[in-house]
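What follows is a set of notes on a single structure, which appears directly below.
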Amino acid sequence: MKEFIISDVKAETAVLVGLITPQQDEAKTKEYLDELEFLADTAGAITVRRFTQRVGGPNMTTYVGKGKLQEIKDYIKEKEDAEEPIGMVIFDDELSAKQLRNIEGELGVKILDRTSLILDIFAMRAQTANAKTQVELAQYRYMLPRLQRLWTHLERQGGGSGSGGGKGSVGLRGPGETQLEMDRRIILQRMTLLKQRLVEIDKQKTTQRKNRGRLIRVALVGYTNVGKSTLMNLLSKSEVFAENKLFATLDTTVRKVVLENLPFLLADTVGFIRKLPTDLVDSFKSTLDEVREADLLLHVVDISHPDFEDQLNVVNQTLADLECADKPSMIVFNKIDNYTWEEKDPDDLTPPTKRNISLAELEQTWMAKLSGECLFISATEKENIDDFRTMLYQKVKELHVQKYPYNDFLYDIETEE
């Protein structure tokens, strides 16, 4: 069986494809493609062009219309003639097996969708046995309904069994079907084994969590690449891997942090993203349990991102799906050092846009909206970190006193000698 998910992505050139629909306007599509390009860059691909089409919805057989598909095909041929071959075409939504088969047959190059690209990045980033097991399970779940596409080279080998005079091969009878079913059985067996491993890992992690003592648990949550790991390093004085790439953190890292007289546990979790594959959410259950069992959520937001509000809503929706929306939380707007805005000309009477709002105005707006339960910081430049530590201390202390009223280590700083 040939490989479907790339394990070692080289510096290939990529073309991106997205749709403009009644539910997703041109600005939103551009934003999604910007993120898809960042994903491609994280995976090691170089984006050379984007194609968009304004339609009512995805084409059931080819995602885009025939005309747009021909335009993409002509561009690939043009680049090939110029000895600048296109390595892959990446689509912004998850493609069905039928769409993948039809598009690949028409374009003749590697076809990826958003899900397979995210899975590839996860496979590249996974370091521990836990993360590798979770990623492998998610890959098999994604691959299983698309197995027939991997065996299109056997289409001419349809066997002569069954009715119809031995000519037809409705389900690829004969050798093709045998190999397909064999692969399906192997994958299902492997998935069963991986699930058993994850159950064992989950039991181990549950035992570890029980042995952490009477400490409040704080989890860093947020969109991918908002600075959670940088903030983790700052608070815990550790060296968790942090990089300006998507999904730099896959494994949950837990560190003991002490603020003044108060120790607590701080967990750095995997970042969320739009259209996060369901298979990944299911596979990463043991990792996301850190979020479920946290006493306090630190929701980190990249204030410098032009659509940070959408990212914030994506995270809130994911937390709701995890049944964690009602947990005590604190929003931390990070990267204030990267925030930029454009002051409107006094003579410009057009309504102000997002680009015309200053950081001070944003602070006032969000402070009022969240009743002061938020803070604006820069983890890299260490701006407002003292205020952040003070606010976090008060939050954790309040939770600790409620949960462990008869603690034996929380003492009064003023009375300490």
- Task: State, with a plain yes or no, whether a side-chain heavy atom of L69 is found less than 4.5 Å away from one of Y63.
- Result: no
- I would like to know whether Y32 and D93 meet side-chain hydrogen bond (donor to acceptor under 3.5 Å, both in side chains); could you show each step before the answer? CA-CA 10 Å; Y32 285 1; D93 292 294; over 6 Å; no
- Message: Quick check against the 3.5 Å criterion: does T21 have a side-chain atom that pairs as donor or acceptor with the backbone of G56?
- Response: no
- Query: Side-chain contact, heavy-atom cut-off 4.5 Å: P85 with T13?
  - Reply: no
- Check V315 against Y223 and note the closest heavy-atom contact, atom names and distance. CG2-N, 3.3 Å
- Ignoring hydrogens and angles, tell me if any N or O in the side chain of Q24 forms a donor-acceptor pair with the backbone of L19 under 3.5 Å. yes
- Taken in chain and number order and not counting sequence neighbours, the residues that satisfy side chain to side chain contact (heavy atoms under 4.5 Å, CB included) with K382 are L234, I385
- Item | Heavy-atom pair of closest approach, residues A320 and A325 | CA-CB, 3.9 Å
- For the pair R146 and E94, find out whether any cationic side-chain nitrogen is under 4.0 Å from an anionic carboxylate oxygen. yes
- Test log, rule side chain to side chain contact (heavy atoms under 4.5 Å, CB included), inputs F388 and M330: CA-CA 10 Å; F388 169 64; M330 171 180 164; 3.7 Å; yes
- Query: So Q317 and N313, side-chain hydrogen bond (donor to acceptor under 3.5 Å, both in side chains) or not? Walk me through it.
  - Reply: CA-CA 6 Å; Q317 182 57 53; N313 291 332; over 6 Å; no
- Under 3.5 Å, side chain of T62 to main-chain N/O of V64, donor-acceptor pair present? yes
- V221 backbone acceptor or donor facing K228 side chain under 3.5 Å: no
- So, does S116 use its side chain to make a donor-acceptor pair with the main chain of L112 at under 3.5 Å? no
- Query: Hey, does N316 have a side-chain heavy atom less than 4.5 Å from the side chain of F272?
  - Reply: no
- Message: Within the structure provided, determine whether W366 and E309 are in side-chain contact (heavy-atom separation under 4.5 Å).
- Response: yes
- Can you tell me if Q53 uses its side chain to pair, donor with acceptor, with the backbone of G65 under 3.5 Å? yes
- Message: Is the terminal nitrogen or CZ of R389 (NZ for Lys, CZ for Arg) located under 6.0 angstrom from the six-membered ring centre of Y393 and within 45° of that ring's axis?
- Response: no
- Query: Is there side-chain contact between I121 and L39, with at least one heavy-atom pair below 4.5 Å?
  - Reply: yes
- Is the closest basic N to carboxylate O distance between E104 and K110 below 4.0 Å? no
- Derivation and outcome, side chain to side chain contact (heavy atoms under 4.5 Å, CB included), residues Q189 and R185: CA-CA 6 Å; Q189 290 172 348; R185 186 165 56 253; 3.7 Å; yes
- Item | Side-chain touch L375/L392, heavy atoms, less than 4.5 angstrom | no
- Message: So which atom in D268 and which in S229 form the shortest heavy-atom distance, rounded to 0.1 Å?
- Response: OD2-OG, 2.6 Å
- Message: Can you tell whether the side chains of R292 and E323 come within less than 4.0 Å, N to carboxylate O?
- Response: no
- Query: Quick one: are the ring centres of Y75 and F51 less than 6.0 Å apart?
  - Reply: yes
- Query: Going by distance alone, is a donor N or O of one side chain under 3.5 Å from an acceptor N or O of the other, for D74 and Q70?
  - Reply: yes
- Note on the structure: Heavy-atom closest pair (Q99 atom, N59 atom, distance to 0.1 Å) is NE2-O, 2.7 Å
- Message: With a 4.0 Å cut-off on N to O distance, would you call D34 and R50 a salt bridge?
- Response: yes
- Message: For a quick check under 3.5 Å, do Q311 and D307 share a side-chain donor-acceptor pair by atom type?
- Response: no
- Item | With V89, the side chain to side chain contact (heavy atoms under 4.5 Å, CB included) member among V109, L16, I103 | V109
- Query: Relative to F91, does R114 satisfy both conditions: NZ or CZ under 6.0 angstrom from the six-membered ring centre, and within 45 degrees of the ring's axis?
  - Reply: no
- Query: Quick one: does T269's side chain have a donor or acceptor within less than 3.5 Å of a partner on L220's backbone?
  - Reply: yes
- Message: Is it true that, when you exclude K77 itself, more than 12 heavy atoms of the residues, nucleotides or ligands shown sit nearer than 6.0 Å to its NZ?
- Response: no
- Query: Could you state the interatomic distance from CG (L359) to CD1 (I303), rounded to the nearest 0.5 Å?
  - Reply: 6.5 Å
- Message: Suppose we screen for side chain to side chain donor-acceptor pair (under 3.5 Å). Which residues come up paired with E71, at least two apart in sequence or across chains?
- Response: K68
- Message: Please determine whether a side-chain nitrogen of the Lys or Arg among E373 and K395 lies less than 4.0 Å from a carboxylate oxygen of the Asp or Glu.
- Response: yes
- Side-chain donor-acceptor pair present, E26, T29, cut-off under 3.5 Å: no
- Output yes when a side-chain donor or acceptor of N356 lies under 3.5 Å from a complementary backbone atom of E342, and no otherwise. yes
- Query: Can you check whether S304's main-chain N or O pairs, donor with acceptor, with N338's side chain at less than 3.5 Å?
  - Reply: no
- Identify the two heavy atoms, one from T61 and one from N102, that lie closest to each other, and give their separation to 0.1 Å. O-ND2, 3.0 Å
- Which atom pair, heavy atoms only, marks the closest approach of N334 to S378? OD1-CA, 3.6 Å
- Query: Please walk me through it: do I187 and M143 pass side chain to side chain contact (heavy atoms under 4.5 Å, CB included)?
  - Reply: CA-CA 9 Å; I187 286 179; M143 188 188 298; 3.9 Å; yes
- Query: Are any of the side-chain heavy atoms of I86 and V48 separated by less than 4.5 Å?
  - Reply: yes
- Message: I'd like to know whether CG of D326 has more than 12 heavy-atom contacts from other residues, nucleotides or ligands below 6.0 angstrom.
- Response: no
- Message: Test side chain to side chain contact (heavy atoms under 4.5 Å, CB included) on N225 and D302; report intermediate values, then the result.
- Response: CA-CA 8 Å; N225 200 44; D302 179 3; 5.8 Å; no
- Any side-chain heavy atom of V17 within less than 4.5 Å of one from I90? no
- Query: With sequence neighbours left out, what residues match D25 under side chain to side chain contact (heavy atoms under 4.5 Å, CB included)?
  - Reply: A27, K28
